[in-house]
Each structure stands twice: as structure tokens, then as C-alpha cells.
Enquirer: 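Attaching a single structure in C-alpha cells format; questions to follow.
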Amino acid sequence: MKGIKPFIDYLHGGYKLIGCVSGSNCRHGYGRAFMLKTGQTKCAYCSTDFTSSYEIWLTMALDHVVPTSVCQSFNISSEWSEDCSNKVLACSACNSFRNRYNPPKSISIPHTLASFYKLRDFIFLERANLIAQRHAEEKAFFISQPWKK
């Protein structure tokens, strides 16, 4: 199975469980532990490097690719949903764009770990495209200098 960024850089190419992370906040706890476990230091959606400046470091969030709400509605094991292989680092902007993800009705409930990863990859690519569109809309709005009107 060919992997997709960012999961291809995870242990086992992102197609096996790699464990959970914990901690009280993203920058000092679970986000930092996630960075050490996966090697990811950039937003999975826009490639902003969290290690490039203090201000950007403050925007770091850890995103469930298959959202917790979807996992609960599909009765997916928390062992799968909370594993680092179902998470990516995201900047606060990307994490908030299209944050209320609802999968298409045609999605099958995954019953194997392989089918869960297939769902994860589908959702990641779909959200990445939606987030890129939203970035383009926000950039056009910003360029119009709405504060001058």
C-alpha cells in the first residue's frame, strides 16, 4: 500500500498502531510527545513549521484525522481512534477550517485496521483539499484589505 504524507514518515508508514501520547497541553505535553514519536514538526495541511518561531509554536494543535465524533458514531475502538497513526499536527487556522467534518453517507464503517486506515487517508485528503480551498478564500479576502473599506 502506497502511503500519503504525512503518514508515510510515521513508523511503519503510518499503517500500524504506533501508540498514544498524553500530557496536559499540546506544546509541553502531548504535541511535543507526538513530535518525538512521529518526527512531524509541520502542519500536515499547510506545512507551517512549528519550530520556526515562538509565535508559530503557539499555534500548534494535534488533530484527529478521523474525528472522535465519527469514531464514536461508527463505534470505532478508541485504541484506533486515539493512536498517533490517526493524528497529525495542525496549525490553529487549518485545525479550525472545516473542523466539523461529516463523512459522506456512502462511507462504510471500518471493521479492520486496514479499512480504518483507508478511511483515515480518504478523510485526510478530502479535508486537505477543503482546507486548501478555505486558505485561498481567506487569502483573497485578506488581499482585498477589508479593514480599509
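If you're wondering where the values come from, they're calculated on a predicted model, not measured in any experiment. The figures here come from the full heavy-atom set of this structure, side chains too, leaving out hydrogens, waters and symmetry mates.
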Enquirer: On the 0 to 90° scale, with breaks at 30° and 60°, tag the F116-W80 ring pair as parallel, tilted or perpendicular.
Expert: tilted
Enquirer: Going by the angle between their ring planes, with limits at 30° and 60°, are F97 and H135 parallel, tilted or perpendicular?
Expert: perpendicular
Enquirer: Say you draw a straight line from NE2 of H64 to OG of S69; how long is it, rounded to the nearest 0.5 Å?
Expert: 10.0 Å
Enquirer: Quick check for you: to the nearest 0.5 Å, what is the distance between L113 atom CG and E79 atom CD?
Expert: 8.0 Å
Enquirer: Can you list the residues that meet the ring pair (Phe, Tyr, Trp, His ring centres under 6.0 Å) rule with F141, with sequence neighbours excluded?
Expert: none
Enquirer: Would you say that C43 contacts F50 through its side chain, given a criterion of any heavy-atom pair below 4.5 Å between the two side chains?
Expert: yes
Enquirer: State, without any angle test, whether S115 and T112 hold a side-chain donor-acceptor pair at a distance under 3.5 Å.
Expert: yes
Enquirer: Between A90 and N95, what is the shortest heavy-atom contact and its length?
Expert: CB-CB, 4.1 Å
Enquirer: Can you tell me how far the OG atom of S92 sits from the CE atom of M60, to the nearest 0.5 Å?
Expert: 11.5 Å
Enquirer: Please confirm whether the backbone N or O of V66 pairs with a side-chain atom of N86, one donor and one acceptor, at under 3.5 Å?
Expert: yes
Enquirer: Run the side-chain hydrogen bond (donor to acceptor under 3.5 Å, both in side chains) check on Y117 and S85 step by step: do they pass?
Expert: CA-CA 9 Å; Y117 288 136; S85 62; 2.8 Å; yes
Enquirer: What do you reckon, are the aromatic ring centroids of F124 and F7 less than 6.0 Å apart?
Expert: yes
Enquirer: Among the clusters formed by ILVMFWY side chains lying less than 4.5 Å apart, do M35 and L58 turn up in the same one?
Expert: no
Enquirer: Looking at C94 and I131, what are the two nearest heavy atoms and their distance?
Expert: O-CD1, 3.5 Å
Enquirer: Testing the basics here: between P103 and F74, what is the closest heavy-atom pair and its distance to 0.1 Å?
Expert: CG-CZ, 4.2 Å
Enquirer: With side chains defined as the heavy atoms from C-beta onward, is the minimum distance between V21 and R32 less than 4.5 Å?
Expert: no
Enquirer: Check whether any side-chain heavy atom of L130 lies under 4.5 Å from a side-chain heavy atom of E126, and answer yes or no.
Expert: yes
Enquirer: Considering only heavy atoms from C-beta outward, does the side chain of I109 approach that of H111 to under 4.5 Å?
Expert: yes
Enquirer: Treating Q40 as the side-chain partner and K42 as the backbone partner, does any N or O pair qualify as donor plus acceptor under 3.5 Å?
Expert: yes
Enquirer: Taking C-beta and beyond as the side chain, do C46 and C91 meet within less than 4.5 Å on heavy atoms?
Expert: yes
Enquirer: Hey, what do you get for CD1 (I18) to NZ (K87), rounding to the nearest 0.5 Å?
Expert: 10.0 Å
Enquirer: To the nearest 0.5 Å, what is the distance between CG (L89) and OG1 (T48)?
Expert: 11.5 Å
Enquirer: Quick one: does L11's side chain get under 4.5 Å of K16's, heavy atoms only?
Expert: no
Enquirer: Taking the side chain as every heavy atom from C-beta outward, state whether D49 and I56 have any atom pair closer than 4.5 Å.
Expert: no
Enquirer: If you measure only the distance, is there a donor-acceptor pair under 3.5 Å linking the side chains of D121 and Y15?
Expert: yes
Enquirer: Between C26 and L62, what is the shortest heavy-atom contact and its length?
Expert: SG-N, 3.9 Å
Enquirer: Using a 3.5 Å distance criterion without hydrogens, assess whether the side chain of R134 forms a donor-acceptor pair with backbone atoms of A93.
Expert: no
Enquirer: I'd like to know if the side chain of D63 and the backbone of V88 have a donor-acceptor N/O pair within less than 3.5 Å.
Expert: no
Enquirer: Okay, side chain of N75, backbone of C71: is any donor-acceptor separation there less than 3.5 Å?
Expert: no
Enquirer: Taking all non-hydrogen atoms of both residues into account, name the closest pair between I76 and P110 and its distance.
Expert: CD1-CG, 3.7 Å
Enquirer: Is I4 linked to F34 within one hydrophobic cluster, defined over Ile, Leu, Val, Met, Phe, Trp and Tyr using a side-chain heavy-atom separation of less than 4.5 Å?
Expert: yes
